[in-house]
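Not measured: the values here are computed from a predicted model. Remember, it's 1-based here, ligands and their atoms both numbered in the order they're listed.
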Amino acid sequence: MVGLDVNRDGEPNIFHHYIVRSDGSEQLIRRDIDLNGNGMVDVWRFYEDGERLKKEAFDLDFDGVVDVWNFFDDQGRLIRKEADLSLNGQTDLWKYYENGKLVRKERDTSGNGRADYFEFWEDGEIDRVGEDLNGDGTVDRWTRRARG
Ligand SMILES: [Ca+2]
Ligand SMILES: [Ca+2]
Ligand SMILES: [Ca+2]
Ligand SMILES: [Ca+2]
């Protein structure tokens, strides 16, 4: 592990984690960042093949618990985002991307850990919205965007 700016000056501290390949060379697998310099990591970035960002995690409120996850495809494009917007330790927002574009967004508005609000996107605009009103896991109401 290699640390940078670890002098407690409030600047971001970055820690690199490596594994040693069979040929003896080092391969980057993770980069940890302490954004506010309090000694606790707030951003975790996971790498494949020593350079390709595979996923990253953020602790938004600096309590040591991850609140946002981003996942990337082979081209480095975002494919999925998971977030705990209410900061209660339970995911309540899911976003799915295709070719870097948002195609679906799900929200847990009731706080039971299960999505009950679904947005389907096409070409950068909401196409339809589904809502599970009674929390049984199936959509009860569909709202479709008027097409002009
Ligand atoms: Ca920190
Ligand atoms: Ca947190
Ligand atoms: Ca939550
Ligand atoms: Ca329902």
Side-chain angles (χ1 to χ4, degrees), residues 1-20 26-145:
M1 193 170 92
V2 180
L4 302 172
D5 297 317
V6 287
N7 51 356
R8 298 186 172 277
D9 60 358
E11 293 296 306
N13 299 329
I14 303 174
F15 306 92
H16 295 94
H17 299 261
Y18 298 91
I19 53 165
V20 179
E26 288 184 329
Q27 178 177 334
L28 178 68
I29 54 166
R30 206 174 89 212
R31 185 176 280 154
D32 297 348
I33 305 167
D34 172 13
L35 286 177
N36 60 354
N38 70 346
M40 277 165 62
V41 174
D42 317 299
V43 180
W44 295 258
R45 293 204 164 110
F46 298 83
Y47 295 86
E48 218 167 62
D49 306 326
E51 55 187 31
R52 187 170 72 74
L53 184 61
K54 200 179 160 200
K55 58 183 179 179
E56 61 184 355
F58 295 89
D59 174 13
L60 298 179
D61 58 349
F62 305 121
D63 68 347
V65 179
V66 171
D67 310 302
V68 176
W69 278 101
N70 289 329
F71 300 88
F72 302 91
D73 68 11
D74 289 348
Q75 273 90 50
R77 294 176 302 195
L78 190 62
I79 49 173
R80 194 166 91 246
K81 181 189 272 288
E82 296 180 1
D84 171 19
L85 295 181
S86 60
L87 302 174
N88 67 347
Q90 194 169 260
T91 304
D92 43 53
L93 172 70
W94 297 262
K95 285 173 151 183
Y96 300 88
Y97 300 80
E98 277 172 22
N99 300 319
K101 273 185 171 175
L102 180 67
V103 290
R104 196 165 87 248
K105 179 170 142 184
E106 303 182 356
R107 295 263 343 246
D108 167 22
T109 63
S110 63
N112 66 353
R114 214 159 61 170
D116 47 54
Y117 173 90
F118 307 83
E119 280 176 10
F120 291 83
W121 287 65
E122 278 177 21
D123 300 324
E125 291 182 36
I126 295 180
D127 181 63
R128 59 197 190 279
V129 172
E131 290 165 280
D132 173 14
L133 302 173
N134 59 0
D136 67 352
T138 58
V139 170
D140 306 299
R141 182 167 70 197
W142 285 101
T143 312
R144 193 168 270 276
R145 182 172 59 89

Original post:
Of the backbone and side-chain N, O or S atoms of Asp67, does one lie nearer to the Ca ion (ligand 2) than 3.0 Å?
Top reply: yes
Original post:
At the Ca ion (ligand 1), what angle lies between atom OD1 of Asn36 and atom OD1 of Asp42, rounded to 10 degrees?
Top reply: 110°
Original post:
Any side-chain heavy atom of Ile33 sitting closer than 4.5 Å to one from Val41?
Top reply: no
**OP:** Calculate the angle formed at the Ca ion (ligand 2) by OD1 in Asp63 and OD1 in Asp59; 10° precision is enough.
**Re:** 90°
Subject >> Quiz item: cation-pi between Arg107 and Tyr117, 6.0 Å / 45° >> reply: no
Subject >> Axial cation check for Phe46 ring with Lys55, 6.0 Å and 45° limits >> reply: yes
Original post:
Backbone or side chain, does Thr91 get an N/O/S atom under 3.0 Å to the Ca ion (ligand 3)?
Top reply: no
Original post:
In Asp92, which N, O or S atom comes closest to the Ca ion (ligand 3)?
Top reply: OD2
Original post:
Once rounded to 10 degrees, what value does the angle at the Ca ion (ligand 2) take between O (Val65) and OD1 (Asp61)?
Top reply: 160°
Subject >> Atom nearest to the Ca ion (ligand 3) - Asp84, N, O or S atoms considered >> reply: OD1
Subject >> the Ca ion (ligand 3) reached by Asp108 (N, O or S, under 3.0 Å) >> reply: no
**OP:** Indicate if the distance from the Ca ion (ligand 2) to the nearest N, O or S atom of Leu60 falls below 3.0 Å.
**Re:** no
**OP:** First locate atom CG of Asp136, then atom CZ of Arg114, and finally report the distance between them rounded to the nearest 0.5 Å.
**Re:** 7.0 Å
Subject >> Shortest-distance N/O/S atom, Asp34 versus the Ca ion (ligand 1) >> reply: OD1
**OP:** State whether a side-chain donor-acceptor pair under 3.5 Å links Arg77 with Tyr97.
**Re:** no
**OP:** Answer yes or no: is there an ion pair linking Arg144 with Asp127, defined by an N-O contact shorter than 4.0 Å?
**Re:** yes
**OP:** Apply the side chain to side chain donor-acceptor pair (under 3.5 Å) test between Tyr47 and each candidate in Arg30, Arg31, Lys54, Arg52; give the one that qualifies.
**Re:** Arg31
